[in-house]
There are 2 protein chains.
Amino acid sequence: MEYGVLDKLVGYAIRRAQIRIYQDFLDALGHLAITPPRFSAMTIIQCNSAMKLTELASAMGIARSGAVEVVNSLEKLGYVTRTDSATDRRAFALALTENGKQAMHEITAAIEDHDARISARLTKDEQFELRRLLDLLG
Amino acid sequence: MEYGVLDKLVGYAIRRAQIRIYQDFLDALGHLAITPPRFSAMTIIQCNSAMKLTELASAMGIARSGAVEVVNSLEKLGYVTRTDSATDRRAFALALTENGKQAMHEITAAIEDHDARISARLTKDEQFELRRLLDLLG
DNA sequence: TATTGTTATACTCTATAACTATA
DNA sequence: TATAGTTATAGAGTATAACAATA
């Protein structure tokens, strides 16, 4: 099978890697109904107290309507809650529920296993170098 | 804004890079209705004559039903055609139309520009190293 | 006027499962 | 029986645009 110009493109190498990684992610976390954007959202909510939904969207690089969907799904799972903002009656203060905080222990551990698994063929130095090169893109 | 564990994950670095690259891809090729999977499909069809749809699906790493959709959209754009297989009456021989071959000149040039743009901050050696490290994943 | 969250709508990408024609 | 392509269905992820409430 020939892949032509695809083999020479940095973008395609990233795409291929991402497809494999996404699959391993879902295999490792699908049973908890956690997907990459959901994990990103929970982590960002956990690290930044009383975030507004618009701030979450911006941090994730997605549209506000997309953040609504992510938060809806996490609320449905019982991991995230919308509470009233103390300073802006239009806004919500996003927070993890107790259930969500509990789950984050298991989820984060599974994510770290997953990340170690996908980068197992790289030395620590190579992993660092890979992150550095990726961050240089864009 | 804090990103917690996300900053340490190889998988998240790839995800971030992929989002930026995807955006640049669509900015550069959206006017031709070309998306990453569509470009992959056209390239693979171009390089491998008389492919079956099932082979295309396998080469792209997606389900047969997904390949049907990609080929449908490319057929609608006038870039790809299903012709009868000479050897198997169940199967089609996929091929680029004349229109598709013409378009591939412009599309491939735009893709190469795009790929050069996203990797502009890396030296040639770094680009090679990045592809090597990405291929080691998975 | 501008911003916050929401809804409506639409499109892409992906999967599984069942179907038909053929092998 | 197995394979090739298709369709039906579903779900995630994304976007734009319009809206009500509030700033």
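Chain letters run A, B, ... following the sequence lines, proteins first and then strands; every chain starts at 1. Everything numeric in this text was worked out from a predicted model, so none of it was measured.
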Legend entry - OP1 or OP2 of dG5(D) under 4.0 Å from side-chain N/O of Thr54(B): yes

Inset, instruction - Taking the side chain as every heavy atom from C-beta outward, state whether Ile14(A) and Leu134(A) have any atom pair closer than 4.5 Å. - result: yes

Legend entry - Whole-Å distance separating the CD atom of Glu69(A) from the C1' atom of dT16(D): 14 Å

Inset, instruction - Kindly give the heavy-atom pair with the smallest separation between Ala67(B) and Ile62(B), and that separation in Å. - result: N-CD1, 3.6 Å

Inset, instruction - Figure out the CG/P separation between Leu74(B) and dC11(C), and round it to whole Å. - result: 17 Å

Inset, instruction - Could you state the atom-to-atom distance from CZ of Arg82(B) to P of dA4(D) in whole Å? - result: 15 Å

Inset, instruction - Just call it for Arg89(B): base, sugar-phosphate, or nothing, with non-hydrogen atoms closer than 4.0 Å on any strand. - result: sugar-phosphate

Legend entry - Pairing of Glu126(B) and Arg132(A) as salt bridge, 4.0 angstrom limit: yes

Inset, instruction - Measure from the side-chain heavy atoms of Arg90(A) and tell me the nearest of dA23(C), dT14(D), dA2(C). - result: dA2(C)

Inset, instruction - Round to the nearest Å and state the distance from Tyr22(A) atom OH to dG11(D) atom P. - result: 14 Å

Legend entry - Atom-pair distance (CZ on Phe25(B); C1' on dT12(C)), nearest Å: 13 Å

Inset, instruction - Please determine, for the side chain of Ile62(B), which listed nucleotide (dT4(C), dT14(C), dT7(D)) has the closest atom? - result: dT14(C)

Legend entry - Residue whose closest nucleotide on DNA chain D lies nearer the 5' end, Asp88(A) versus Ser65(A): Ser65(A)

Legend entry - Between dT12(C) (C1') and Ile19(A) (CD1): distance, integer Å: 14 Å

Inset, instruction - List the atom of Met42(B), the atom of Leu74(B), and the distance in Å for their closest heavy-atom pair. - result: CG-CD1, 3.7 Å

Legend entry - Side chain of Leu53(A) - closest among dA12(D), dT6(D), dT6(C): dT6(C)

Legend entry - Proximity to the side chain of Ala91(A) - top-ranked nucleotide from dG13(D), dG5(C), dA2(C): dG5(C)

Inset, instruction - Identify, between Arg15(A) and Ala93(A), the residue whose nearest nucleotide on DNA chain C lies closer to the 5' end. - result: Ala93(A)

Legend entry - Value in whole Å for how far the P atom of dG13(D) lies from CZ of Phe39(A): 14 Å

Legend entry - Separation of dG11(D) P from Ile34(A) CD1 (nearest whole Å): 17 Å

Inset, instruction - Return the nearest nucleotide to the side chain of Arg64(A); candidates are dG13(D), dT4(C), dG5(D). - result: dT4(C)

Inset, instruction - Take Arg20(B) and Asp135(A) through the salt bridge (Lys or Arg N to Asp or Glu O under 4.0 Å) test and state the conclusion after the steps. - result: CA-CA 11 Å; Arg20(B) 289 194 302 260; Asp135(A) 287 343; 5.3 Å; no

